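Everything on this sheet refers to the single structure shown next.
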Amino acid sequence: GTPAKIDSSSANNGYANRVSVCYDTTENKVIATYVYYGGGGTYYLRAAAGTVNGGTNSITWGSSVPVISGEGTYISSAYNATDQRVVFSYQSATLTGYLNSSVASVSGTTITVGGTVSVITTGTNYYSSVAHDATANKMVTYYRGATGPSVASGAIDTATNTITYSTPTVLLSGTRNFEDALYDPTTGKCILISSGASAGQTSCNIYTTAATLTGQPLTTGTKYYVTTTGGFSS
C-alpha cells in the first residue's frame, strides 16, 4: 500500500523515530507512538490512531497527541483489552534515568492520555518493553536494568488512566540488551526475551503470571516433589 504520514506536520518541522505500534481490538485502530523532533529543537513523545482499509492496503491517521511534553526514548506500547487501555512504556529525557509509563484511552481516532506519568523504576535503565498479561490482567514491563534484565508488573486504574507498578525483579545477572515481552494467550504465559552480551548467555524467560513472577517451566529429566507447603522441590 501507499505510505501515509502519521504526523503531517513533520513535513515542515522535523522527523520522528523510535516508533512503536500496537492494535486496539476494541476500537479496531492501530496505535503508533514515536519521538517527534519538532522545530526549534523541541522533543515530544506523541501518539496517533489509524484506521486500516484492508481493501486498498491503506491507513488513515487521526490527529496526533503528546504522550508527554518532552523527549521519550526506548519506546514500547501494548493494548490491554480487559481495561480497554493503551500503555506506553518509555525512558523519559525529562525525568532523566527514569523508566515511565503513560496510559491512554482511545475513541475512534481520538487518543486521551492520562495526565499522571507512572514511574516504573529509577536509575540507569534501557530498552523498555511492555505486554499485557491477560491471565493476571497486569501490564508486564521488561527492560535492561543497571544490574541485569529486570521485570515489573502493574495494574491500570481506568478512572484516572494511570498505572501502579510492583517492585522490579532482577531476572538475570550481567548485561543483556534489546529486551522484549510477549504474552501467549494459549499457554497463559509471558515470554521475556533479550539478547546476551556473548554467545554463551541465554536470555529467554517464561513466566506463568505477572502477579507472582514465578513458575518457570520445569526441566526435562529432573524429578520433582511436592513439598508440605504446596511448592516443588527437586
Side-chain angles (χ1 to χ4, degrees), residues 4-10 16-38 42-52 59-95 98-121 125 127-134 136-143 152-166 180-183 190 210:
K5 286 184 180 294
I6 298 174
D7 192 328
S8 59
S9 64
S10 64
N17 66 8
R18 305 285 188 183
V19 178
S20 177
V21 66
C22 66
Y23 176 59
D24 183 328
T25 56
T26 304
E27 291 293 314
N28 191 26
K29 294 292 184 289
V30 174
I31 313 300
T33 181
Y34 53 94
V35 180
Y36 172 59
Y37 286 67
T42 303
Y43 303 91
Y44 289 101
L45 176 59
R46 302 185 69 87
T51 305
V52 174
I59 187 167
T60 303
W61 294 98
S63 299
S64 67
V65 298
V67 177
I68 56 171
S69 294
E71 182 187 359
T73 190
Y74 305 114
I75 303 166
S76 182
S77 60
Y79 180 65
N80 179 329
T82 305
D83 294 322
Q84 298 182 12
R85 294 293 189 276
V86 175
V87 172
F88 306 111
S89 177
Y90 52 90
Q91 185 185 63
S92 170
T94 307
L95 302 172
Y98 284 64
L99 283 185
N100 302 275
S101 274
S102 293
V103 180
S105 56
V106 180
S107 178
T109 57
T110 300
I111 299 177
T112 303
V113 183
T116 302
V117 172
S118 301
V119 176
I120 301 170
T121 187
N125 307 281
Y127 308 125
S128 175
S129 63
V130 63
H132 175 229
D133 185 327
N137 193 27
K138 296 288 179 66
M139 303 305 299
V140 179
T141 296
Y142 186 46
Y143 60 93
S153 63
I156 292 175
D157 184 337
T158 57
T160 58
N161 271 10
T162 58
I163 183 169
T164 302
Y165 279 93
S166 65
D180 203 0
L182 177 69
Y183 175 71
C190 272

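Keep in mind that what you see is a predicted model, and the values were worked out from it rather than measured.
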- Task: Indicate the atoms forming the closest heavy-atom contact of Tyr34 with Ser64, along with that distance.
- Result: OH-CB, 3.2 Å
- Any chance you could measure Ile75, atom CD1, to Ser128, atom OG, to the nearest 0.5 Å? 10.0 Å
- Looking only at heavy atoms, the pair that brings Ser129 and Ala181 closest together is OG-N, 3.4 Å
- Measure from the side-chain N and O atoms of Lys138 to the backbone N and O of Ala136, and report whether any donor-acceptor pair falls under 3.5 Å. no
- Task: Take Val30 and Trp61 through the side chain to side chain contact (heavy atoms under 4.5 Å, CB included) test and state the conclusion after the steps.
- Result: CA-CA 9 Å; Val30 174; Trp61 294 98; 4.1 Å; yes
- Would Tyr79 and Val87 count as a side chain to side chain contact (heavy atoms under 4.5 Å, CB included) if you check the C-alpha gap in whole Å, the side-chain angles of each, and the deciding distance to 0.1 Å? CA-CA 6 Å; Tyr79 180 65; Val87 172; over 6 Å; no
- State the CZ-NE2 distance between Arg85 and His132, to the nearest 0.5 angstrom. 12.0 Å
- Message: So, using side-chain hydrogen bond (donor to acceptor under 3.5 Å, both in side chains) as the criterion, who are the partners of Tyr74 when residues are at least two apart?
- Response: none
- Look only at the side chain of Ser101 and the backbone of Ser118, and say whether a donor-acceptor pair between them is shorter than 3.5 Å. no
- Task: Could you check Tyr142 against Cys190 for side chain to side chain contact (heavy atoms under 4.5 Å, CB included), going step by step and ending with a plain yes or no?
- Result: CA-CA 10 Å; Tyr142 186 46; Cys190 272; over 6 Å; no
- Message: Given Asp83, which partner from the list Asn161, Asn137, Asp157 fulfils the side-chain contact (heavy atoms from CB on, under 4.5 Å) test?
- Response: Asn137
- Note on the structure: In Ile111, Asn80, Ile31, the residue satisfying side-chain contact (heavy atoms from CB on, under 4.5 Å) with Asp24 is Ile31
- Note on the structure: All heavy atoms of Ala131 vs all of Ala78, minimum pair found to be CA-CB, 4.0 Å
- Query: At what distance, to the nearest 0.5 angstrom, does CD1 of Ile68 lie from OG of Ser92?
  - Reply: 4.0 Å
- Message: Working to the nearest 0.5 angstrom, can you tell me the gap between Gln84 CD and Thr158 OG1?
- Response: 9.5 Å
- With sequence neighbours left out, write down each residue that passes salt bridge (Lys or Arg N to Asp or Glu O under 4.0 Å) with Arg46, or none if nothing qualifies. Asp7
- Interatomic spacing from CD1 in Ile120 to CG in Asn100 - rounded to 0.5 Å: 6.5 Å
- Mind checking the OH-CG spacing from Tyr127 to Asp180? Nearest 0.5 Å is all I need. 13.0 Å
- Message: Does either side chain, that of Ser76 or that of Tyr143, offer a donor lying less than 3.5 Å from an acceptor on the other one?
- Response: no
- Message: We want to know whether Tyr90 and Ser102 form a side-chain donor-acceptor pair, criterion being a heavy-atom distance below 3.5 angstrom.
- Response: yes
